[in-house]
Amino acid sequence: MPISEAEIVPAEQYPALLSATRRGQAMSLLRSHATLTRANRAIAMRCAELRDAVLDLVDRLRQAALIADWQNVYDATHEIRGLAATAGLPATGRIANGLCTYLDCVARFALSPDPEIVQLHLGAILRSVRTEDDAARHGDTVAQELAALVSRKLGEIKDSASGIPPSSALLKRSA
Amino acid sequence: MSGGAFEHLKALVVEDNQHMRTLLRSLLNALGITQVLEANDGEEAFSLLRDKQPDLILSDLSMTPMDGIAFVREVRTSSTSPNPYIPIIMVTGHTERHRVEAARDAGATEVLAKPITAGNLFQRIGEIVDRPRAFVKCPTYFGPDRRRHVDEEYAGPFRRRDDFENDLAVR
């Protein structure tokens, strides 16, 4: 698109969120330690409720995985990755993020997910969500291991789409 | 509650997850924004936008029947939109590059990745308050300028390679 066809509307020419007189005060509020503390307290007060919500979602994920309902598996996992860390379950969030990345890529290549990959993630999510401090109890290590597995699987999917044989096949051939 | 600068503002939270809606409301309340409207999806949100005229929108990306991308496009380009310039923060659990780019290309002012933290949300609101961006209007896009960095040294009229090539072709 040539720039000559684009019209630029400067920020001064449309209504601002706040008037110039309020901006300084607003920025002080946004940067203030007291505001941040108040907001973090608001999150902390909802932590138990959010954790219950994550548990419900994990149950939904488990049910969907049982019947290989991949769309529901994705939807539940996506909700878990969004809520888990705020609910004090950061490792659960990371594991769910890894599964979402995998499912998203598989869907983009119009493939079916590998049930074993889903089960590995589901098992890890089930264990991490039941611990008091999921990150401290090997949760982070498990999340990292699964992320490495997902990364390898995604590499294989992309190689296969571009006609490159998977590394395991190359190893077999050279042996 | 210190209120002050933000207390007269009205925010609209568009999110199909009730827990996330409540969480966002609490964070906005902590900032002094007490007038918070809530919608379950893009259609309901657009109706609230017309009826209640909020000043700021926080919208999720994945919703049905109208998702966040379609909602942002509707706000920016519909002839019935009451405020195409309204700041919109797209809140999303989708961290994949193509989805973030889709949100930006629909006309979102800021993109905030979940998990949400107070610091991240306040940083995005701070960007809107402190560094409001110019809007670009062209046949394929209407929304905040997607180029965040302005090269102060740059003096020429061309911003893209094809602008330069088109100009050469004309000459």
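Numbers restart at 1 for each chain; the letters A, B, ... are given by sequence-line order, proteins then strands. Computed from a predicted model, the values in this text were never measured in an experiment.
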- Kindly give the heavy-atom pair with the smallest separation between A/A11 and B/P132, and that separation in Å. CB-O, 3.5 Å
- What orientation do A/Y14 and B/F135 show, parallel under 30°, tilted 30 to 60°, or perpendicular over 60°? perpendicular
- Message: Tell me whether A/V9 shares a hydrophobic cluster with B/I88, the cluster being built from Ile, Leu, Val, Met, Phe, Trp, Tyr side chains joined at under 4.5 Å.
- Response: no
- Item | A/H78 side, atom NE2; B/N17 side, atom CG - distance, nearest 0.5 Å | 9.5 Å
- Message: Let me check something: do B/F142 and B/I89 share a hydrophobic cluster, defined by ILVMFWY side-chain heavy atoms less than 4.5 Å apart, either directly or through other members?
- Response: no
- Task: Report whether A/W70 and A/I125 are members of the same hydrophobic cluster (ILVMFWY, side-chain heavy atoms less than 4.5 Å apart, transitive linking).
- Result: yes
- Nearest non-hydrogen partners of B/A118 and A/N40, listed with the distance: CB-OD1, 3.7 Å
- Item | A/R23 side, atom CZ; B/R131 side, atom CZ - distance, nearest 0.5 Å | 12.5 Å
- Task: Using non-hydrogen atoms and a 4.5 Å limit, figure out which bit of B/I125 sits close to chain A: side chain, backbone, both or neither.
- Result: both
- Just wondering, are more than 12 heavy atoms of other shown residues or ligands nearer than 6.0 Å to CZ in B/R50? yes
- Message: Given heavy-atom pairs under 4.5 angstrom as the criterion, report whether the side chain, backbone, both or neither of B/S62 touches chain A.
- Response: side chain
- Okay, B/L9 and chain A: the region with an atom under 4.5 Å from a heavy atom over there is side chain
- Apply side chain to side chain contact (heavy atoms under 4.5 Å, CB included) to B/H98 and A/D104, showing your working. CA-CA 11 Å; B/H98 68 105; A/D104 194 62; 3.1 Å; yes
- Do the non-hydrogen side-chain atoms of A/V54 and B/H19 ever get within less than 4.5 Å of each other? no
- Item | Pairwise distance OG1(B/T117) to CD1(A/I43) - rounded to 0.5 angstrom | 7.0 Å
- Message: Would you say that more than 12 heavy atoms from the other residues, nucleotides or ligands in this model lie under 6.0 Å from the NZ of B/K10, or not?
- Response: yes
- Task: Sort A/R41 into side chain, backbone, both or neither according to what part of it lies under 4.5 angstrom from a heavy atom of chain B.
- Result: neither
- Do A/L50 and A/V58 belong together in a cluster built from hydrophobic side chains that touch within less than 4.5 Å? yes
- Message: Taking side chain as everything from C-beta outward and backbone as N, CA, C, O, which of these in A/E79 sits under 4.5 Å from a heavy atom of chain B? Side chain, backbone, both or neither.
- Response: side chain
- Message: Please evaluate residues B/K114 and A/N97 with respect to the criterion side chain to side chain contact (heavy atoms under 4.5 Å, CB included), reporting the C-alpha separation (whole Å), side-chain torsions for both, the decisive distance (0.1 Å), and the verdict.
- Response: CA-CA 10 Å; B/K114 293 177 187 171; A/N97 186 48; over 6 Å; no
- Message: For the CZ atom of B/F122 and the CE atom of A/M27, what is their distance to the nearest 0.5 Å?
- Response: 12.0 Å
- Name the member of A/A26, A/A34, A/A96, A/G24 that forms the most heavy-atom pairs with chain B at distances under 4.5 Å. A/A26
- Message: Assigning hydrophobic clusters by single linkage (Ile, Leu, Val, Met, Phe, Trp, Tyr; side-chain heavy-atom cutoff under 4.5 Å), is B/I86 placed with B/M66?
- Response: yes
- Query: Side chain, backbone, both or neither: which part of B/D16 has a non-hydrogen atom closer than 4.5 Å to chain A?
  - Reply: side chain
- Query: CG/B/L121 to CG/A/L36 distance, rounded to the nearest 0.5 angstrom?
  - Reply: 10.5 Å
- Query: Which pair of non-hydrogen atoms, one from B/D55 and one from A/L17, has the smallest distance, and what is that distance?
  - Reply: O-CD1, 3.3 Å
- What one should report as the nearest heavy-atom pair of A/A39 and B/A30 is CA-CB, 3.6 Å
- Which bit of A/A16 comes within less than 4.5 Å of chain B, counting heavy atoms only: side chain, backbone, both or neither? neither
- Query: Looking at B/G126 and A/L30, what are the two nearest heavy atoms and their distance?
  - Reply: CA-CD1, 3.5 Å
- Quick one: does A/R46's side chain have a donor or acceptor within less than 3.5 Å of a partner on B/L23's backbone? no
- Note on the structure: Heavy-atom nearest pair, B/H8 first then A/L18, reads CE1-CD2, 3.5 Å
- In terms of heavy-atom pairs under 4.5 Å with chain A, the winner among B/K137, B/M20, B/Q18 is B/K137
- Task: Heavy-atom distances under 4.5 Å only: say whether B/P87 touches chain A with side chain, backbone, both or neither.
- Result: side chain
